[in-house]
Amino acid sequence: MTGRVIVITSGKGGVGKTTTSANIGTALAKSGHKVVLIDTDLGLRNLDLLLGLENRIVYTIVDVIEERCKLKQALVKDKKNPNLQLLAAAQTRDKTAVNAEQLKEICDILKEENDFVLVDCPAGIEQGFQNAVAGASEAIVVTTPEMSAIRDADRIIGLLNTKEEITSVKLLLNRVRPNLIKSNEMMSVDDVVGILEIPLVGIIPEDTGIITSTNKGEPIVNDENALAGKAYRNVAERILGEEVPFLDLDEPRGLMAKIKSVISKLKVKV
Amino acid sequence: MLMEKSVENGFIIDLSNVKNTSQLVFELSSIMEHPDVRGKRICLKLGSLDLKQSQLLSIKALIDSMEASIAFIDTISEQTEASAVSLGIMISKISSDAEADIKASDNFEEKMLKQESVIERTEGEITSGAKTEISLPNFPIETTEGIEDIYDEVSTEELSEVIPSENYDEHDFGALAASEGLLPSEEVSKYILLDTGNVLPEGVEENSDNTETMPTLYLHQTLRSGQTISYEGNVFIIGDAHPGSEIVAGGDITVWGILGGIAHAGSNGNVTSKVRALKLNAIQLRIAGLYARRNDTLNVPYVQKSNEFTPEEALIEDGKIVIYKKLRRD
């Protein structure tokens, strides 16, 4: 079995790489695929927090590389889903503790036994980025509809295009606010895709539920009612090759909004 | 209530007494129906009326549909001002003196032509924090930050930054097509020359070698942020050059697409080099030793793609960088 190694990257920090990694990983695992998440953000690890696995980490990726443990020992199984495993970053070391060849080697071993290896890339374009993309054959570029995030995504896409091993680069647009787009205060999905010129793999609406899910260590894909959770589940399905239409974010949400929308429809009929 | 001052090619329409938007549109459309208004530059006096961006846009569309254009808006409403700024429409004050002046002036058009086509160097441009200064002949115009003293001292011939104000399009901020018959040529002053002097590196001399005989690098790709092309001859790119990219060429630079990064043509001192693009939106244009920055009023890094771009060409003329909206054939 040879799994797919997908790096999740963005250039700019704070656009949602780690949240995306945790959610796509969880969604893929829920659909029955064996998934390993690798946190390559050495010194600033977060992925374990989002999954609520911090207390289970004994060995980290640096321990594996410096041969203090076997790779299997360092993999932390998810609380709910045994299909999902995490290879945590070392919090006490920095990016120079690992090099690109070592990370590629780890990816190569892991993809033999898993369907998906998702690499959560640190912000920036230095060593950490070079490490994270080393073993990957696909990339998902996360961006938000802001000038600075788009500029950095553009830079990252340029860098990814120079890597021969990476055959597919796709865009995930995060933190989209339909009401701001409507009032012309935010760039629309079409604007961003038009600028970056790569295929879209997902549109994730801004959702306050993300904050609580992060704090609880429970990815939002596990919440059946959350819109962002549904959007992430759709991304996972698209990664699996299914054609899923993008969510209609204009749909009214919440009970009152739904009632109002029904009333307005009735009025039209009358 | 509605004052029209017909001065060759400019009109002031005073709508400051209008109470609401619908009255405004009514009054304006009745004036705009007049055949004399066609092709004119309209100075709208809006008083204290609050206009949203969308409302102002419709008004602009109304004026545009009559083949006229908005020169600037005189308003005391903050909201209208904000809307105008977001649409790239100039805000100015028409002083009562100016109104009198306009009336008196009988060669308004001619003077305006002279002013709008000139890009001059500005003393202290870089250090002055890039404040937008607007000048139209006979219009003692204030910027929203207040009058610059400089205008009292300098004659109109020496006024420096000139911002064309017509033909903005909502999706096409960069395109400041010169309206027909207003400007003597297709020159567009959407760039402002930086007062850096001639900044050729030491040992590099200005030259006028023929760029046609130079070798040409031909690329079929999108140039993304952070990517640099540096070549001793001409550079020809089919694709866009995104903001954050940089092209340095010894000769001409031609981009068959949107040029949004930095372009330096004639980097070895060749003053005959040109920069051409289907859409010239470069944040900075450099030709030989001259640097020009994009006008602050056009600070839109990303331009939407369109099938209706008019090719633009930047070149040095009389020691200035000028931009032609069409490719000229000598």
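Chain letters run A, B, ... following the sequence lines, proteins first, then strands; residues in each count from 1. Hydrogens, waters and symmetry mates are skipped; everything else that's a heavy atom, side chains included, is used.
- Note: A:Leu196 leads A:Asp152, A:Leu196, A:Ile156 in heavy-atom pairs under 4.5 Å with chain B.
- Within residues 125-135 of chain A, no residue approaches chain B closer than 4.5 Å by heavy atoms.
- Listed in order of number, the residues of residues 217-231 of chain B that approach chain A to under 4.5 Å between heavy atoms are B:Thr222, B:Arg224, B:Ser225, B:Gly226, B:Gln227.
- Annotation: A:Glu237, atom CD; neighbour count of heavy atoms from other residues, nucleotides and ligands within 6.0 Å is above 12.
- Within a 6.0 Å radius of CZ in A:Arg177, no more than 12 heavy atoms belonging to other residues, nucleotides or ligands are found.
- Within residues 157-176 of chain A, the residues approaching chain B closer than 4.5 Å by heavy atoms are, in numerical order, A:Ile157, A:Gly158, A:Asn161.
- Contacts from residues 235-244 of chain B to chain A, taken as heavy-atom pairs separated by less than 4.5 Å, involve B:Asp240, B:His242, B:Pro243, B:Gly244 in sequence order.
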